[in-house]
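Sequence lines set the chain letters: A, B, ... in the order given, protein chains first and strands last, and positions in each chain run from 1. Since the structure is predicted, the reported quantities are computational estimates derived from the model, not experimental observations.
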Number of protein chains: 4
Amino acid sequence: MTQPKLRLGMVGGGQGAFIGAIHRMAARLDDRFTLMAGAFSSDPARAEASGATLGIDPARSYASFATMATAEAARADGIDAVAIVTPNHLHAPAATAFLTAGIHVICDKPLAHRLEDAERLVETTLRSDRLLLVTYNYSGYAMVRYARALVAAGVLGDLRISQTEYAQEWLNQPLEQSGHKQAAWRTDPTQAGLGGCLGDIGTHAFHLTEFVTGQRVEALAADLSTFGPGRILDDNAHILLRFAGGARGMLWASQVAPGQKNGLRLRLYGTLGGLEWHQENPDALDVTLFGQPTQRLTRGGPTLPGLDIPAPPSRLPAGHPEGYLEGFATLYSDAADAILAHRAGERSVSTVLPTVADGVRGLRFIQTAVTSAQQDTLWLAL
Amino acid sequence: MTQPKLRLGMVGGGQGAFIGAIHRMAARLDDRFTLMAGAFSSDPARAEASGATLGIDPARSYASFATMATAEAARADGIDAVAIVTPNHLHAPAATAFLTAGIHVICDKPLAHRLEDAERLVETTLRSDRLLLVTYNYSGYAMVRYARALVAAGVLGDLRISQTEYAQEWLNQPLEQSGHKQAAWRTDPTQAGLGGCLGDIGTHAFHLTEFVTGQRVEALAADLSTFGPGRILDDNAHILLRFAGGARGMLWASQVAPGQKNGLRLRLYGTLGGLEWHQENPDALDVTLFGQPTQRLTRGGPTLPGLDIPAPPSRLPAGHPEGYLEGFATLYSDAADAILAHRAGERSVSTVLPTVADGVRGLRFIQTAVTSAQQDTLWLAL
Amino acid sequence: MTQPKLRLGMVGGGQGAFIGAIHRMAARLDDRFTLMAGAFSSDPARAEASGATLGIDPARSYASFATMATAEAARADGIDAVAIVTPNHLHAPAATAFLTAGIHVICDKPLAHRLEDAERLVETTLRSDRLLLVTYNYSGYAMVRYARALVAAGVLGDLRISQTEYAQEWLNQPLEQSGHKQAAWRTDPTQAGLGGCLGDIGTHAFHLTEFVTGQRVEALAADLSTFGPGRILDDNAHILLRFAGGARGMLWASQVAPGQKNGLRLRLYGTLGGLEWHQENPDALDVTLFGQPTQRLTRGGPTLPGLDIPAPPSRLPAGHPEGYLEGFATLYSDAADAILAHRAGERSVSTVLPTVADGVRGLRFIQTAVTSAQQDTLWLAL
Amino acid sequence: MTQPKLRLGMVGGGQGAFIGAIHRMAARLDDRFTLMAGAFSSDPARAEASGATLGIDPARSYASFATMATAEAARADGIDAVAIVTPNHLHAPAATAFLTAGIHVICDKPLAHRLEDAERLVETTLRSDRLLLVTYNYSGYAMVRYARALVAAGVLGDLRISQTEYAQEWLNQPLEQSGHKQAAWRTDPTQAGLGGCLGDIGTHAFHLTEFVTGQRVEALAADLSTFGPGRILDDNAHILLRFAGGARGMLWASQVAPGQKNGLRLRLYGTLGGLEWHQENPDALDVTLFGQPTQRLTRGGPTLPGLDIPAPPSRLPAGHPEGYLEGFATLYSDAADAILAHRAGERSVSTVLPTVADGVRGLRFIQTAVTSAQQDTLWLAL
C-alpha cells in the first residue's frame, strides 16, 4: 500500500548554507516528503533567490519564519512539518512559531542557543500537541541502531567503560576570520551559544553515547580549550563521564585535529564484551564477546549468531555502502512514520527517535561542561 | 538558476525487484528527475500494483513497455527519459521501443542479452538521435572519477599492471533452486545471456578497468567455472588481460566467495606510481608515487599536492561518507545534464558517461571470455 | 669491525614468568649479549631449575640476587649488566645491590614499588657511576622513534592535543583469584605498588606520550576505577593531561576492555599537522600535514619528503614486519652501545634511552594519578 | 629440561648480503643454534672479513664451502647443520657437498638454479640420510599454520577458489644497472635461474598456496612480463591455477608494483567458508563461515569457537606483534627439533616443515610457468 507523501517546509538552508541541502536530500531519499515552502534566509533577497533555485512556488517562499508559520497554518495544503536548519540562536524562536501554529518541527541540533530556551520548548511542545524532533542524525545509522539493540539485549553484560570521540580538523585555522560563513556563526557566541566545538559536534557525541548505552550520564568533569587564535568558544573538549549504572567514560571532541575528517567513534566495554563503531565506516560494527574472536558485523549482512535481535534498517545489500545521507534519511523516514502515527492518534514516539527531551539533554550537556571547565574540571551532576 | 526537472519513466522494477528501487532513489537524490510513468512488470497485475504503491497516475502505469513507449511519446507531458531495469533479455527490445519513440534511454547493464542485440542498438541509437546511457554505476563514484583523472594526467607514468576483482558470496548456495527471484533470472541463460557472474558483475569490473586506465583491453584469456550444483552459467571467472598500451592484467569475478560482500577493487601500477580503490570504502583512494609514502586521498579532502586536477563530484564534506546510492545518483545527474544539453542542441556526450558503445563493449567482453574459456583459455582479441 | 659481546645476568624470569623470556629473546636478537648468570626466582628450587633449563653454569645460578651481585662483581668474567625482571617490589632492592656492586642495571618498568624507592635510586645510580636503564620498550619501535623526530623537527607545529590510550582485555575476569601468577602479583598492592593498570601499562602510555611529544606533562587529573570484583588496585584509568607547552591531553589505560589485546595508541595534533601510531601495527605511522592527504610512513620505506630526518633503526626491508621483540631488542642494543661507551669513558646517555630519571617520572605519574583520583579528580602538578 | 644447542654453519651471507643476516637472527631467536663456522663469501677476503665481524673462530672461517664441508665433518665439534644463503646457482653444489659430508642442510629458496639440479638433490638427500630443509619461511607464521589446520579440518568445506598474490615495488626501476648487489644477481639468469620474480617471490606464493590448501596444483597457465628496461627475466607473473581437487586459482607475483612493499596475501574460498591472510599483518587471520559475520582471529588470541584445533606456535601474548623474524625463527626451531629427532633415530619429518620435495616442487613451478608463457599461456601439468 502506498504511503501518503508529507509536505515539508524549511527555515534556513539558503544559498551558502551547508546543512539545509543535506536535510533536503535526506528528506527526499525515501520519498516520504515534498519540499513545498520555505523561509530560506533571514536576508529577504537571498531567501527569495534560494526559493526560486529550489523551485518553490514564490507564494510559499517567505521572508520570515513568523510569516511562514502563520501563512502555512492557514492553508488547506499547508506543510505538515518544518525543518529548522538555521544557526543555533534561531532554533527556539522558529520552533516555537511553528509548534504554536500546529506544525510539526524537525530541528537541527543543538535544539537551542541556551539551556533555558530548550527547556521552554518542552512546555511549548507539550501544549502544541505536535512533534518536536531533533536531528541527531548519527543515531539513524543502521549499525548504531544495532549496537543499541545489542547493548539493550545484554550482549556486553554490565557496562563498564565508554570511550566516545568526535574529532575534526576543519577549524584548525581561524577560517572565521576570513569570511567562511559556516565557521563564522559556529564560533560566534551570539549565534552558536555557550559551546563551540561542544555544541557543534560534542552534542552529537554525547547523544550517541547515551543512545547506544541506553544509560544516562549522571556527572561530568570537563577541560575545555580554545586553541584557534582570537577564538572565544572552545574548539577542543576533554570530558570525563560517570554513568548512572556505574560505568565511567571519556568524551573527546575537537575541531583542531589535523588528519581527522569527521571522526566520530564509539567504543563500549562491559563485563561480557565490547563493541566499536566508527562513523567514517558506518556500515561496520566490531563486536567482541570476551573469549571469542572479534566479529565484524555489516549492515545487510549476517547478524550476531544465536541472538534474536532484528536487523537494523537497510536499503541496500551488504557491501553496497550506505553513508551519511542514508543515516540522515532514516531519521526523516522515522519522522514521517511518527507524523502519520500522530495523525492517526498515536501520541508516544518511537524510542529511537530523538525528541525535545534529547534536545534539552544536549543543552544541559553543553552548559554543564562549560561550568565544570570554569571550575577547574569540577565533577557536576547532569 | 533553477534547473528544470526531468520526467522519468521506468520499465521493470516492480515488487520483488532489486535494482529498480535503487534507480529510483538514485534518480531522486539530486532532485533532477520525477518518476511519472512506468511498466513495472511483465505481469500486468503486478505492474498495476507496483505503480499504485509508487504513487504513479494509474493512466501512466502501463501493462507493457511497448504501450508505454507509444503512449508517452504521444503525451505533451510525456517522459523525457526511461530507465530500463528488467532482466537482461528485455533490455534491447525495451530500449529499441523507447529510442524509436524518441525517448532517451537509461539502461541497466549489461546492455543486452547477446552481443548482436547490443550491436544493433548502436544503429538504433544513431538513427533515433536520442541518448542511450548504460548504468555502469561504479564509474559514478567520486574517487573513481579522480583515479581516472590521475591516470590521464600521467601520475602513474606508463601503465604496466592492472588487477581488478569483483567478488561476492551471495550465490555460494544455489538460491535459484529455492525461489529466489534475483538469483533465478541471473542464473538462467534465457534471461541473463551467455554470462552468469561474468554478466552480472564481471562487466562492471571490466568497465571500471577500461574507464580508469583510459585504455582498451585488446585481448583476454579466460578460465570460467561453475561451482554451484545444477548451475549452467559461470559463477567464477578468472581472466588474464592484455592492454593496447602493453600493460597486463588480471580480472577476477566471483559470486561464490564467502566473506566477500561486494568486493569490487581496482589496483593499477605504472612506471611512476600505483593506486588502489575499493568499492566497500569508496571515498578513499590510495596513491603511491614511487619513492614516496602512500597517500590516502579522500573525497572532499585535499587532492594530490602539486597537481592541477579538479576535485571529483562531491555532495558532502570529507569524512561524511557517500555510498553506493550517491555514486549511482551521480550518473543520473550526469544523465540529466546530458539530456538538457541534447535539448539545447549538443550532440557529444561527456566522456565519463557510459553510452551504447560501452554497453557493446561489455557484451563483447562476455562473449569473448566465454569463447576463450571454451577453447581452453585461448588468447582472443577483444 | 666486530663488537665485543657483553655478559648479561638476570634477576627473576624463572619458570612461569612472562617478561623474563622476552628480555632474553630481546637481548639475544642482535647478538650483543650472552646470558651468563641469574637469580631466576626467589624460590631457591625454582631458581636452580630455571638456571638449568636455560643452560646456565650451575655455579652462576644463584639463590638470591644479593649473593649474585657480590659473586659476579668478584669474578674476572663477571656480568657487565643485569636485567631485573621481578615483580615491582623487588626492582629497587635488586637494582641497588647491583649498582652498588658496580654492575650496570637494565630494569623492567615501573622502576620501583613506590616513588620514594625510585627517587632513592637516582642517588644510588649517581654514586655508583653505573647505568640504570628502564625498559620502556615501546620507545624502541622504529616508528615511535621517527614520530619523536618528526615532532622535534616541528613537523606538527606547536603541539595542541595528545590522545594516548593503552587498553587490554586480559583482566576482564578476576584471574588473580584462580591462581594466575601474572595476574596475582600485578593486582597485589604489596608487590605491584600503588597502581594496578596504572603501573602495569599506564606508565608505558605516559612514557610514550612524553617521549614522542618531547614535552613534560605538568599536571594531571585522574578518575580511577576498579571493576574486577574483589580487586583492590585500579584496572581502568581515565586521566586528563596538561603539558608545559600549553597542550592538553587524555590518557586512557584499561585492562578490562574486551576486544582490546594490547592497544597502545598515540595520536598527536599540532598547529601544522597530526600523527597517529598504533602498537598493534607498529611499522606504520600516519602523518597528516594540514591541507594535504594523510601519508602512511612505513619502517624501512620512504620517509617524509622534503625533510632531512634520518630513518629510524630497522633490521628488515619495508613490508617485512618487525614486531614487539624487535622493538624491545632495540633497547637492548642501545643499552649495549651505552655500556661500551661508558666503558670508553662516555658519561652522557643517548636521549632516546630511558634512564633512572624516566623511571622516577613513571612512579611520580602513578602516585599523582592515585592522589588526584582520591581527591575527586583534582588537578595536581606532576 | 634443557635442550642441547646445535652448532650451525653458514655458506654465503657475508658483507652486503641480505638474507644471511636474517637467517642468523632467526637461528638465534629461540636459542637453539650457535653459529660456529662459515664460508661467508666466494671472495676469500670478504669471507675472512665477514667471519671476523661475526666473531667466528678464524680456523672455522673458510674460503670455500667445499673446504668447509670436509673440515667440519672431520671435527669432533663440527657443525650439526649448515645454512645455505648464497645466490641460487650455488644452492645445489653447496647442499650436495654438505649432505655428502653428513651434515644437515637448511637451504634458502629456490632450492636450486634449475629443476634438474633440484631433482638430483632428492637422490643425494636420500643417500646421505640427512635432512635437507628449505626455508619457505612464510609457512612459519603462526596464522599460516592455523589457516592450514582450519582447511585440513574442513572448516571451509570443499575448496573452490584460491587467490594468491605476492607483490613488491623494489625492482620498479632497474636497480641492477646501478650496482645494487641484491638486484644484480636476482635479475641475472646465470645466478638466479629461469625465473626472476617467479623464483624470488613466486615460489613463496606457490608454496604458501599448496601449504595452506593442502592440495596440489595440477596445472597452470602463465603470462609472464618483463617491464624493467634491459631486464631478461620476468618481473611480473600472472598465472592461472587448477587444483587436483577441482578448485581454480590465480597467482600474481610482481616486483614492479609501486606501493606494494612485501604484499604476500592468500585468500581461499570453499563451499562452507572463506579465509584471508596478509603477510604485512601476519598475526591476523580473517575467517568467514558462510552465513556468519567475519571473525578476526589473532595469534595468541581466542581460536575459532567450537573447533578443536590446537593454537599455532606463539612466543608472545595476543596484541604483541610477532613479525617476519619470528616466523622465520619458527622454521629454525622446527629444524632443531627435526635434527634432534633424527639424531634419536626418527626418519620422518614434520609435515609442516618444507623439505627437498617442496624445493623440487618450487623449481617445477618456475619451469612450468616459463614454458607455459613461452607457449602463449598454454595449460601445462605440474
(request) Only counting residues at least two apart or in another chain, list the ones meeting ring-ring contact (aromatic ring centres under 6.0 Å, His included) with A:Phe40. (result) none
(request) Could you check which of B:Ala26, B:Pro317, B:Gly263 has the highest count of heavy-atom pairs closer than 4.5 Å to chain A? (result) B:Pro317
(message) Check this for me: B:Glu48, atom CD, are more than 12 non-hydrogen atoms of other residues, nucleotides or ligands nearer than 6.0 Å?
(response) no
(message) Please report the interatomic distance CD(B:Glu322) to CD(A:Glu326), rounded to the nearest 0.5 Å.
(response) 9.0 Å
(message) Taking every non-hydrogen pair under 4.5 Å, which of B:Pro321, B:Gly323, B:Pro302 racks up the most with chain A?
(response) B:Pro321
(request) Side chain from CB out, backbone as N, CA, C, O: work out which of these in B:Leu264 comes under 4.5 Å of a heavy atom of chain A, or both, or neither. (result) neither
(message) Between A:Arg296, A:Arg24, A:Gln279, who has the most heavy-atom pairs with chain B when the cutoff is under 4.5 Å?
(response) A:Gln279
(message) Tell me which of these, B:Arg28, B:Glu280, B:Arg315, has more heavy-atom pairs under 4.5 Å with chain A than the rest.
(response) B:Arg28
(request) Just give me the residue among A:Lys5, A:Lys261, A:Glu169 that pairs up with chain B most often, heavy atom to heavy atom, under 4.5 Å. (result) A:Lys261
(message) Please report the interatomic distance CG(B:Leu325) to NE2(A:His320), rounded to the nearest 0.5 Å.
(response) 10.0 Å
(message) Under 4.5 Å from any heavy atom of chain A, what part of B:Asp30 do you find: side chain, backbone, both or neither?
(response) both
(message) Which residues in residues 31-39 of chain A have any heavy atom closer than 4.5 Å to a heavy atom of chain B?
(response) A:Asp31
(request) Give a yes or no answer on whether the side chain of B:Gln168 reaches the backbone of A:Gly319 with a donor-acceptor pair at less than 3.5 Å. (result) no
(request) Any chance you could measure B:Asp283, atom CG, to A:Asn281, atom CG, to the nearest 0.5 Å? (result) 10.5 Å
(message) Just verifying a value: how many Å separate B:Met25 CE and A:Leu316 CG, rounded to the nearest 0.5 Å?
(response) 5.5 Å
(message) Report which part of B:Phe328 has an atom under 4.5 Å of a heavy atom belonging to chain A: side chain, backbone, both, or neither.
(response) neither
